[in-house]
Amino acid sequence: MAVNGPLVTCEVDEGREVLQNEVAYVTCGGVPLKSEVIRIRGSQIDLQVFESTTGLKVGDEAEFSGELLSATLGPGMLGMIYDGLQNPLGELENDQGFFLRRGQYLPSLDREKPWDFEPLVRAGAQVRAGQYLGRVTEGIFEHPIMAPLILQGIWEVQEIRPAGRYTVEDTVAILTNVDAQVRRQVSVTLKQEWPVKRPMRVYEERLLPDTQLLTQCRMIDIFFPLAEGGTACIPGPFGAGKTVLQQIISRYAETDIVIIVACGERAGEVVETIREFPKLEDPKTGRSLMERTVIICNTSSMPVAAREASIYTGLTLGEYYRQLGLKVLLLADSTSRWAQALRETSARMEEIPGEEAFPAYLESRIAAVYERAGKVRLFSGATGSLTMIGTVSPAGGNFEEPVTQNTLKVVGAFHGLSRTRSDQRRYPAIDPLISWSLYTQQMRASLNTRHEQWVDLVQEAHDLIFRGSEIHQMMMVVGEEGIGLDDLVIYLKSEIIDAVCLQQDSFDRVDQATSRQRQVSDFGLLMDMVHHEFAFESKEQAKSSMTHLQNLFFQLKYCPFEGDAYHRYRSQIEAVLRGKGASHP
Amino acid sequence: MIIEHSRIVRVQGDIITVPASGITYGELATVKSRSGLSLAQVIRLRGDDVFLQVFAGSRGVSTGDTVRFLGHPMQVPFGDALLGRIFNGSGEPIDKGPDLRALPRISIGGPSVNPVRRVIPRGFIETRVPMVDVFNPLVESQKLPIFAAAGEPYNELLARIGMRANADVVILGGIGLKYDEYLKFRMAFEDAGVLSRTIMFVHTASDPVVERLLVPDLALAVAEQFGVRGRRVLVLLTDMTAFADAMKEIAISMDQVPSNLGYPGSLYSDLASRYEKAVDFDGAGSITILAVTTMPGDDVTHPVPDNTGYITEGQFYLRKGVIEPFGSLSRLKQLVIGKVTRPDHGYIMNSMIRLFARSREVEQKLAMGFDRTPDDERYLRYGRLFYERFMNLRVDLGINDALDLGWKTLAECFQSDEVEIKQEFIDRHWPA
């Protein structure tokens, strides 16, 4: 009865039951358009349509499915490229071979493909939601098949099928409930459904994230570390290198599964991932990176309502893999576009706006999204984790805006990119003066296994960077003549840390990723330099010696770890540090 | 089926409301008023109320005027016959050329390209503007804005690129163009003899505001059709800030809550759905977009340039009549530099920019009253040459000539060991 962009209002018969967030299909010229109930006012139902509404007219029918917007979960998701509603993009039919045609909803999993199933329980066993009934082998993983996650209470395995080949639709087990009055049966297939907007809380307990998630990006791992099951946000103005940083993290992070949600960003960036990942090798398994990756892709020109759904779809997939006892990393680029989708819908519903016209519930929605990350102990005793990194694209690069501020309240680490650093070509442009990580203290014990005083050393280096920046500011005002020799040396030391530790060349094969072992070893050498008491006679001498030293460190970082060249430069640095610093050849 | 209605119940801004049933969302209509016939588009349905955005504006529309619904969304004729033609913001020819009504018509504002059907761009578009080709090359399928304050010669630059770029089809979308500027574009294309590969959609500043909204969609819909047929299309849009301002007007008339400086919350999505039409079709042609975004108050954090910067793949800054080498960026340049272009390209680019930065520093130093050294003289000389030979927009040079001139310029000012270029390239290219 009303159409306003992607918002459609329809009227239902008196007394008909309608579910909030229920999926409905609005028929437009014979094509069903998927939509979601977002507001109920008496018999008037507001739907957000996940496709273009061009061609709809008053009087067109809407059909309610009675089901919440759900994701289909099971073997066969790895390596897939989905849209925000989990349609496999590679299998859609395209108009003129290229253009997305609306109204196509394909099964998310291949229905034909057989999987080798092996049962793990016997008939008569008592199970509950999430318990492993059997397993299939999917590429490099053992993919457990769980009792449906939506089940409540205790169920008995009435029947379990023998080992063999089954498709995702075949029944592999039948369960009956034990503790309820009315006997009910459910058949278990390799796949199951989960409503995307409901957090999956099928575990024993949530654990404190206290283990590091290695990204192989030095600035993050050493100064602002991430925890397994933690959350982080990367805000930054355009051109500061958010995308490159995310791509590097998605390649080198030490996790089992990476889920990339390209939410309202450029299609070109997704294309790079789609085309490059199959060719790249996962350093851990030696297989293609694509085999551990799922891409959910709702780029900026795809319908806005589906953009809102895409983050939830990604989270649901992530939670599912966490149930399998895996380490999952979710990268959402960008949460600002997701928030803008909320804003667009809210404006069309004529809700009273909050700050910058974002809806008043922005804060709670952001919090709810990030809270779905976490490390958990499953009923089986195993642990799984879902780590989430969201990028934020603040208007004008100003971090005071609502999305950045509300995100900062709920995340555990903040990697703020700055225009100043990117203009100076100091990449990654994470600003060490404003970024923070709550996990440094939380993971103190596990970080100190790198070195008994690791956390304190890092703190010392961080303080030196602050001090160096102050001295630099001073030099800008009074010139180099106005500061003392000691201060100059502190400044030069901080510049070395910046150049060889904070800055990392994403396009260099060696420098783009630094292993844990190398981080410990190189950072130790760097701190030896920091602790070394140089005895310079003049500022000129200090500058030339330190430039020489900086160049040695610089060459070192481009040499493959433990190679000949690496050892050569390392021993040259050690030789300098044994003297008093005046060592220019 | 064509339905006619003649009761307009509400006129607000350029939006009129007509009671009607069976009307589809996005449908086109004509409004016949005493000031003539205008197209209008359905932008909202509410019960039996149909909200239409009148392209010619609502001035002179009376409550008794006739509205005819055409039963289809906005369309534009398509075919090779479009080449060399000029259209207004409603897609009507304005050049007294032959009738195009026999051509098939295509809908505008179509769906997005399936991301899996895109390829990583590999093509280099030579513009013969050295600041573009050498320092921030344009890559096929790229979308790049030119950020400029009012008064900068952005249209001149766009016209030059339109004339010289090696694309199969050039489509110009003029949004709120001054009439003089439109004439200049036309004359420039005529003089250069490239009108036959050019299509112009022109909305001039004196035309109704709402018509602005259609120009990018018309231009890009036509571009898409050429693209899927294997042509390499270059779309030039000027000025996207005028487009955003028209959207702001409509949003306010529709009582939408503004988000930032009066612009609607959907500004990002609205701009993105246009810019994202830039694409390299897997196995067919491509669309490249070069668009002018004027910066009100020369402020890059203004919502229009800011949102644009997040969408596009880099930007050019036009300041004081030249493309600023610092701040301008082509994010895709790594895909072609040294791969499609000559292997020395990347080295000469970096070295020249680094030395030019140095020459700017020297200028600043001298401006502060420090003494001039012989070394400074060299840098100043280099800075002058760089400006004359590369930055000056009048320079018309192919990429290889520009690279050779780069080597020559370096050799005139510096020794070969001062320019930080790999020895093998010095050996090959350094002028004796």
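Here is the naming used below: chain letters follow the sequence lines, and residue numbers restart at 1 for every chain.
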Asker: With a 6.0 Å cut-off on ring centres, are B/His302 and B/Tyr263 close enough?
Answerer: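 Close enough - the centres of the two rings lie under 6.0 Å apart.
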Asker: What part of B/Arg331 lies closer than 4.5 angstrom to a heavy atom of chain A: side chain, backbone, both or neither?
Answerer: side chain
Asker: What part of B/Ser266 gets closer than 4.5 Å to chain A, counting heavy atoms only: side chain, backbone, both or neither?
Answerer: both
Asker: Where does B/Val119 contact chain A at under 4.5 Å (heavy atoms): side chain, backbone, both or neither?
Answerer: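 Contact with chain A involves both backbone and side-chain atoms of B/Val119.
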Asker: If I measure from the heavy atoms of chain A, does B/Gln315 come under 4.5 Å with its side chain, its backbone, both, or neither?
Answerer: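 Interface part for B/Gln315: side chain.
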Asker: Is B/Ile120 close to chain A through its backbone or its side chain, or both, or neither, when contacts mean heavy atoms under 4.5 Å?
Answerer: both
Asker: CG of A/Leu89 to CE of A/Met302: how many Å apart, nearest 0.5 Å?
Answerer: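 With rounding to 0.5 Å, CG (A/Leu89) is 5.0 Å from CE (A/Met302).
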Asker: Where does B/Gln41 contact chain A at under 4.5 Å (heavy atoms): side chain, backbone, both or neither?
Answerer: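 Answer is neither: B/Gln41 stays 4.5 Å or more from chain A.
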Asker: Answer with side chain, backbone, both or neither: which region of B/Pro264 has an atom nearer than 4.5 Å to a non-hydrogen atom of chain A?
Answerer: neither
Asker: If I measure from the heavy atoms of chain A, does B/Pro121 come under 4.5 Å with its side chain, its backbone, both, or neither?
Answerer: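 It is neither, since no heavy atom gets under 4.5 Å.
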Asker: Against chain A, label B/Asp282 side chain, backbone, both or neither, depending on which of its atoms sit under 4.5 Å from a heavy atom there.
Answerer: both
Asker: Is B/Pro115 close to chain A through its backbone or its side chain, or both, or neither, when contacts mean heavy atoms under 4.5 Å?
Answerer: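 Both backbone and side chain.
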Asker: Measure the spacing between OG1 of A/Thr293 and CD1 of A/Ile260 and express it to the nearest 0.5 Å.
Answerer: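 Spacing of OG1 (A/Thr293) from CD1 (A/Ile260) equals 5.5 Å.
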Asker: Heavy-atom pairs under 4.5 Å with chain A are the metric here; pick the option from B/Leu267, B/Thr312, B/Thr301, B/Val50 that has the most.
Answerer: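 So the answer, after comparing B/Leu267, B/Thr312, B/Thr301, B/Val50, is B/Thr312.
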Asker: Can you measure from CZ (A/Arg307) to OG1 (A/Thr345) and round to the nearest 0.5 angstrom?
Answerer: 9.5 Å
Asker: Between B/Ser107 and chain A, with a heavy-atom cut-off of 4.5 Å, which part of the residue counts as in contact: side chain, backbone, both or neither?
Answerer: neither
Asker: Could you give the distance from CD1 (B/Ile43) to CZ (B/Phe51), rounded to the nearest 0.5 Å?
Answerer: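 One finds 8.5 Å between CD1 of B/Ile43 and CZ of B/Phe51.
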Asker: Considering the options B/Arg122, B/Gln142, B/Lys143, which one meets the side-chain contact (heavy atoms from CB on, under 4.5 Å) requirement together with B/Leu332?
Answerer: B/Gln142
